[in-house]
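See below for the structure under consideration.
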Amino acid sequence: MATNTSLAPTNNAGLRKRSVGSVEMNTADGRRRTVDLNALSEADRELAEKFGYKPVFKREFGYLSTFSFAVSISGLFATVTTTYSAPLYGGGAASAVWCWLISGAGCMCIACSVAELVSAYPTCGGLYYTISRLAPKEWVPSISWVDGWLNLLGQIAGIASSEYGSAQILLAAVSMGSDFSYSPTTGHTVGVMAALTVFNGLVNSLSTYWMEKMTKTYVIFHVLVLVSCCIALLVKTENKNSASYVFTHVEANSGWTPTGFSFLLGFLSVSWTMTDYDATAHITEEINEPEIKAPWAISLAMAFTYLAGFLFNIVLAFCMGDPASIEDSPVEQPVAQIYYNSLGKSGGITFTVCAFIILQFVCFTATQALARTFFAFSRDRLIPGSNIWTKVNRISGTPLYAVWISIFWCIAINLIGLGSYTAILGVFNVCAIALDWSYCIPIACKLIFGKFEPGPWHMGKASWYVNVWAIIWTAFVSVIFVFPTVRPVTAENMNYAIVYLGGILAASLAYWFISGRKFYTGPLIEAEVQPAESDTVSSEEERERKYEQSHAMPNEKEISWQNQNRS
């Protein structure tokens, strides 16, 4: 993996050193004041000059909190707990182990490809914004439109499914505490989900300062829980499965034939855990040195999730006992049942509650990313009511309206569960499909059009191969994820992921042809650097030479701020 800690030369390199001009910004008391551009941090100056956006967020996130944020998006310990039934039914222990190893490698390629793009274009629009730099100008509006809506759907589905899974885990702990005399119903799960999602909104109404402090502690707690659980299971489980059983035993209960296809259903657990890579990109306007810290956090966090997840799945396979006994769990959570069988009532409740806490952290950070996505997309007029979702609260310094519209849609999509539990399972599947394709579209633009200019974090010569495999892998697993997970297929076990995906694409395309194409031109520019005629030079080197000779701030350039009225 090639990395470079110095910024590659760009057309704005010399300009960043000698910026002049000012920008209007909102202060904490809601007033507007003019700020000297040179008084801004280097990251904020680059955001304004290179990407054309006014800085509105405080940059509170450092290395540890950014890395912790990236780790929290996967929520390894908890997300494996909620999705383990997919490989268990698909192929048993061997499916859980080998699907993680195989699919995780593909996910790592996607993550590294995303990290490379984030390093080059660190804005809270994420990979959606990169299309404006990677695709031909005439294609930018249509491609950005589709990519933006796919990304938005994936994020909403990801948080909705996480909150639903969080409610299931919490009620599983309650059921254990009652010695299984209490059995959660779908109505109970949806009710708890709604309450947890509202609590999530309240947490995300805090300022970036408090969100950073809270996020910083997460990774330590997660690692401690993961390690202690693995040790406890290995020590306390009396009748462990053999190595031959763990690595070679395939037991398909999905009804699919041949067994090899059923085995591949285990990819769902990995792809749902190792996704939302660009969540860290959506908070880059709140990170110091985002072009370095954000891609570093994404790549390292996914590498940790990949390796630790592989080992965790091996431990679960050794300690799960007879698959039939956990598949028929009264709490309908196979991993929670493993905790209960191996560690007893107190141990089972403890680690199930830990999984619940970790999954809530997933929801906290994912909602922060989603709210910033609503803000960024609204800033570019991609979403109806954009003048509302771009408002930043004067007390918290965060886009509260964007936070609560995110909460609304996450609850709304989960209300489907009241009508059909099977239908809500499709939300899990559509999350991975929509998000991964929203990443592969800009990756494909990078490969096809050749306009990419690498940032400080890049993969060098390996980049092309990693990018190509990321696209091929996504295309392959997407086909699997739209298939029903059980046969024979009925209305009760149908995989509704394709319905959700087709619905959002149809709605976004209809909105595009009816209205969007008339006003949407891609990511907008709020600030544009316009050199004076007397200072126009033929090359970056000449500008640098003149700057070094003068040893003074040149006054020939002007920065004219073109305010875009969102009203």
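Bear in mind the structure is a predicted one, so any value in this text is a computation, not a measurement.
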Assess the side chains of [X] and [Y]: does a donor N or O sit below 3.5 Å from an acceptor N or O?
| X | Y | answer |
| --- | --- | --- |
| D147 | S438 | no |
| K446 | S463 | yes |
| S72 | T365 | yes |
| T305 | S74 | yes |
| K293 | N288 | no |
| N200 | T367 | yes |
| T189 | Q168 | no |

For [X] and [Y], work out which heavy atoms get closest and say how close.
| X | Y | answer |
| --- | --- | --- |
| S205 | W404 | OG-NE1, 3.2 Å |
| P399 | A371 | CG-O, 4.4 Å |
| T373 | Q155 | OG1-NE2, 2.9 Å |
| I169 | A78 | CD1-O, 4.2 Å |
| V146 | L505 | CG1-CD2, 4.3 Å |
| T208 | F61 | CG2-CE1, 3.7 Å |

Rounded distance (nearest 0.5 Å) linking atom [atom1] of [X] with atom [atom2] of [Y]:
| X | Y | atom1 | atom2 | result |
| --- | --- | --- | --- | --- |
| E163 | I413 | CD | CD1 | 13.0 Å |
| N387 | Y401 | CG | OH | 10.5 Å |
| I110 | T275 | CD1 | OG1 | 7.0 Å |
| L117 | C112 | CG | SG | 11.5 Å |
| S132 | K451 | OG | NZ | 8.5 Å |
| E116 | S299 | CD | OG | 11.0 Å |

Q | Pair R133 + E453, salt bridge at N-O below 4.0 Å | A | no
Beyond-backbone contact of [X] with [Y], side-chain heavy atoms, under 4.5 angstrom:
| X | Y | answer |
| --- | --- | --- |
| L300 | F67 | yes |
| L501 | L153 | yes |
| S65 | E212 | yes |
| S166 | Y164 | no |
| K216 | F69 | no |
| M302 | C107 | no |
| F481 | S271 | yes |
| V499 | V430 | no |

Q: Given side chain to side chain donor-acceptor pair (under 3.5 Å), test W437 with T474 step by step and report yes or no.
A: CA-CA 7 Å; W437 275 112; T474 300; over 6 Å; no
Between [X] (side chain only) and [Y] (backbone N and O only), is there a donor and an acceptor less than 3.5 Å apart?
| X | Y | value |
| --- | --- | --- |
| R379 | F375 | no |
| S68 | V219 | yes |
| S386 | R381 | no |
| N204 | V403 | no |
| N393 | S396 | yes |

Would the [X] and [Y] ring centres measure less than 6.0 Å apart?
| X | Y | result |
| --- | --- | --- |
| F267 | W473 | yes |
| W145 | Y520 | yes |
| W139 | F449 | yes |

**Q.** Residues T398, R372; criterion side chain to side chain contact (heavy atoms under 4.5 Å, CB included); working and verdict
**A.** CA-CA 9 Å; T398 54; R372 301 324 182 253; 3.6 Å; yes
Q) Can you say whether the rings of Y511 and W149 are parallel (under 30°), tilted (30 to 60°) or perpendicular (over 60°)? A)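 Judged by the thresholds at 30° and 60°, the geometry between Y511 and W149 is perpendicular.
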Q. With under 30° as parallel and over 60° as perpendicular, where do the rings of W389 and F374 fit, or are they tilted in between?
A.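 Correct class here is perpendicular.
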Q: Mind running side chain to side chain contact (heavy atoms under 4.5 Å, CB included) on I433 and I498 for me, showing each step along the way?
A: CA-CA 9 Å; I433 299 172; I498 191 65; over 6 Å; no
Q.
Taking OH in Y465 as the centre, count heavy atoms belonging to other residues, nucleotides or ligands within less than 6.0 Å. Is the count above 12?
A.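 At most 12 heavy atoms, drawn from other residues, nucleotides or ligands, come within 6.0 Å of this atom.
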Q: Apply the test side chain to side chain contact (heavy atoms under 4.5 Å, CB included) to residues V140 and L134: give CA-CA distance (whole Å), side-chain angles for both, the deciding distance (0.1 Å), then the verdict.
A: CA-CA 9 Å; V140 168; L134 300 173; over 6 Å; no
Q) Which residues pass the ring pair (Phe, Tyr, Trp, His ring centres under 6.0 Å) test with Y439, sequence neighbours left out? A)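 Checked Y439 against ring pair (Phe, Tyr, Trp, His ring centres under 6.0 Å); matches are Y277.
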**Q.** Worked check of side chain to side chain contact (heavy atoms under 4.5 Å, CB included) between I131 and I441
**A.** CA-CA 8 Å; I131 294 172; I441 290 174; 4.2 Å; yes
